[in-house]
Amino acid sequence: MVVAGRKGHVALIDMMNMDLIKEFQVREAVRDVVFLHNELFFAAAQKKYPYIYNRDGTELHCLKEHGAVLKLQFLRNHFLLASINKFGQLHYQDVTMGGMVANYRTGLGRCDVMQVNPFNAVLGLGHSCGKVTMWRPTNATPLIKMLCHHGPVSAMAFHPGGHLMATAGMERKIKVWDIRKFEVLHTYSGHAKTLQFSQKGLLAIGSGSRVQIWKDTAGNQDYSRYMSHSMVKGYQVGKVNFQPYEDVLALGHSQGISAILVPGSGEPNFDTWVANPFETPKQRREKEIHSLLDKLPPETIMLDPTQIGTLRPPRAKEQLTKQEREAAMEAAIESAKQGPSKKKTKGRSKPTRMQKKKQDGIMKAKRPFLDQQLNDERQLLNKKPKLNEEVQLPLSLQRFARKEAT
């Protein structure tokens, strides 16, 4: 776990044995911190620029192109570091090659809420106008723009399955959305400064000095209160985060960090190919190499990732040129001429009848091309000239043409 505070304190903690690995002071406010592809590197959004540090606290990079960043997210399968700064600019940077993949202006002002959907790696932003936008690095405009609240969006979280989204607004409403149909499932009254889903679908809500954990007991996405925890009066909860594969909820508040037990929140059976808490340095090195080989390009980020690998839907046939149309018509006529003639009964296989049938086949092959040519000529005749286009009049009518004022 990596923690950072607004007074500049950054610490790295081993959650297996609760040992302090490294702590240092950056002497300026840290707004957000996120791990990169493994626990050896992390990025911190400091007052002026985001910085990348290693496990020993050594500064590796200063990302000046991002500006004064408010929120950070890392797309693990694509090796992309996403950030949103105080001017509403969204940046995607490839941490393997160091190049800037995308840089877009959201056009909706300052944004303090950013989460990534673990199902499809689409980035969700919550804006002060109550809208939630979803982005991918290959589109300059948002994929989805939803009006979720009548006030500023204060928190947002995505379900691990990727089909549910929880949002909270300043008008004291918490909503659960179905992203497949982009409609609200349930609306609850309450305020939340931070939201987080666990691996088993529990929803943690932090507001003021109180933390609530909601659970979907009936299985119809209707959440009800499962647990509640009150901090010391005056403590302000800033962020909640579930520890993966453990029934532990970490709380970041105004006086430091705390941890509470939440039974049933973590996934009890972990896959060592995905997350191995007992991995050796050699296994970690091999895992990093394999993840780099399996790195996905930014074009694979889309709302429905199941479309990848499917057949492209049939498109409308493109307009052929005149030469291509004539060549296709000649090929159709030639195939009609050389087509096999079927022997009929006596009296029906006369040469005149056979010649007539061959001519009918040739006309049948030519008819689609002639119809297409006729339609093109009609469209050309019906097309009206635009106002700004010059119309060439006959010589006898040119004296009636309107003259421009000099």
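Quick note: numbers below take in every heavy atom, side chains included, and nothing from hydrogens, waters or symmetry partners.
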Nearest heavy-atom neighbours spanning [X] and [Y]:
X      : Y      : value
Lys193 : Val237 : CD-O, 3.6 Å
Lys64  : Tyr49  : CA-CD2, 3.6 Å
Pro263 : Met227 : CD-SD, 3.7 Å
Ala336 : Gly361 : CB-O, 3.9 Å
Val10  : Ala4   : CG2-CB, 4.1 Å
Pro137 : Tyr104 : O-OH, 2.5 Å

Between Trp214 and Tyr188, how do the two ring planes meet: parallel, tilted or perpendicular, split at 30° and 60°?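 Ring orientation, 0 to 90° scale: perpendicular.
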With sequence neighbours excluded, tell me which residues meet salt bridge (Lys or Arg N to Asp or Glu O under 4.0 Å) with [X].
X      : result
Asp360 : none
Lys200 : Glu267
Glu377 : none

side-chain contact (heavy atoms from CB on, under 4.5 Å) evaluation trace for Asn85 with His66: CA-CA 7 Å; Asn85 61 17; His66 293 248; over 6 Å; no
Summary of salt bridge (charged side-chain N to carboxylate O under 4.0 Å, His left out) pairs that have at least one residue in [range], sequence neighbours excluded:
range            : result
residues 112-121 : Arg110-Asp112
residues 163-183 : Asp178-Arg180, Lys181-Glu183
residues 82-106  : Asp94-Lys295

Heavy-atom distance under 4.5 Å between the side chains of [X] and [Y], does that happen here?
X      : Y      : value
Leu123 : Leu90  : yes
Pro244 : Phe270 : no
Leu36  : Leu81  : yes
Leu261 : Val248 : yes
Lys71  : Gln115 : no

Under a 3.5 Å distance rule, please check whether [X] uses its side chain to pair with a backbone N or O of [Y] as donor and acceptor.
X      : Y      : answer
Asn139 : Pro142 : no
Asn120 : Leu303 : yes
Lys287 : Val274 : yes

Please determine whether the number of non-hydrogen atoms from other residues, nucleotides or ligands lying under 6.0 Å from atom [atom1] of [X] exceeds 12.
X      : atom1 : value
Arg6   : CZ    : no
Phe182 : CZ    : yes
Met170 : CE    : no

Using the side-chain contact (heavy atoms from CB on, under 4.5 Å) rule, take Thr106 and Trp135 through it: C-alpha gap first, then chi angles, then the decisive distance, then the call. CA-CA 10 Å; Thr106 60; Trp135 298 78; 3.7 Å; yes
Write out all pairs satisfying side chain to side chain donor-acceptor pair (under 3.5 Å) with one or both partners inside residues 235-255, taking only residues at least two apart or from two chains.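 Matches after skipping sequence neighbours: His253-Ser258.
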Given Ile144 and Ile179, is the side-chain contact (heavy atoms from CB on, under 4.5 Å) satisfied, shown in steps? CA-CA 10 Å; Ile144 297 295; Ile179 309 179; over 6 Å; no
Which pairs of donor and acceptor atoms, one on a side chain in residues 17-34, lie under 3.5 Å apart (sequence neighbours left out)?
{"from": "Asn17", "atom 1": "OD1", "to": "Asp19", "atom 2": "N", "distance (Å)": "3.4"}
{"from": "Asn17", "atom 1": "ND2", "to": "Asp19", "atom 2": "OD2", "distance (Å)": "3.3"}
{"from": "Glu23", "atom 1": "OE1", "to": "His9", "atom 2": "NE2", "distance (Å)": "2.8"}
{"from": "Gln25", "atom 1": "OE1", "to": "Arg27", "atom 2": "N", "distance (Å)": "3.3"}
{"from": "Glu28", "atom 1": "OE2", "to": "Gln46", "atom 2": "NE2", "distance (Å)": "2.5"}
{"from": "Arg31", "atom 1": "NH1", "to": "Gln46", "atom 2": "O", "distance (Å)": "3.1"}
{"from": "Arg31", "atom 1": "NH1", "to": "Lys47", "atom 2": "O", "distance (Å)": "3.1"}
{"from": "Arg31", "atom 1": "NH1", "to": "Val69", "atom 2": "O", "distance (Å)": "3.2"}
{"from": "Arg31", "atom 1": "NH2", "to": "Lys47", "atom 2": "O", "distance (Å)": "3.3"}
{"from": "Asp32", "atom 1": "OD2", "to": "Leu72", "atom 2": "N", "distance (Å)": "3.0"}

Suppose we screen for side chain to side chain contact (heavy atoms under 4.5 Å, CB included). Which residues come up paired with Asn103, at least two apart in sequence or across chains?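 Applying side chain to side chain contact (heavy atoms under 4.5 Å, CB included) to Asn103 gives Gln89, His91.
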Could you pull out all residues at least two apart from Asn54 that satisfy side chain to side chain contact (heavy atoms under 4.5 Å, CB included)?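 Applying side chain to side chain contact (heavy atoms under 4.5 Å, CB included) to Asn54 gives Phe41, Asp56, Thr58, Leu60.
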His78 and Thr300: side-chain donor and acceptor closer than 3.5 Å?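 Yes, side-chain donor-acceptor contact under 3.5 Å.
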Kindly say whether the aromatic ring centers of Tyr223 and His186 come within a distance under 6.0 Å.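 Aromatic pair excluded; centres sit 6.0 Å or further apart.
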Tyr226: partners by ring-ring contact (aromatic ring centres under 6.0 Å, His included), with sequence neighbours left out: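 Tyr226: no ring-ring contact (aromatic ring centres under 6.0 Å, His included) contacts found.
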From CA spacing to verdict: side-chain contact (heavy atoms from CB on, under 4.5 Å), His37, Phe74: CA-CA 8 Å; His37 53 281; Phe74 186 72; 4.1 Å; yes
What donor-acceptor contacts under 3.5 angstrom involve side-chain atoms of residues 152-168, with partners at least two apart or in another chain?
{"from": "Ser154", "atom 1": "OG", "to": "Ala168", "atom 2": "O", "distance (Å)": "3.1"}
{"from": "Ser154", "atom 1": "OG", "to": "Ala192", "atom 2": "O", "distance (Å)": "2.7"}
{"from": "His159", "atom 1": "ND1", "to": "Gly161", "atom 2": "N", "distance (Å)": "2.9"}
{"from": "Thr167", "atom 1": "OG1", "to": "His149", "atom 2": "NE2", "distance (Å)": "2.9"}
{"from": "Thr167", "atom 1": "OG1", "to": "Trp177", "atom 2": "NE1", "distance (Å)": "3.0"}

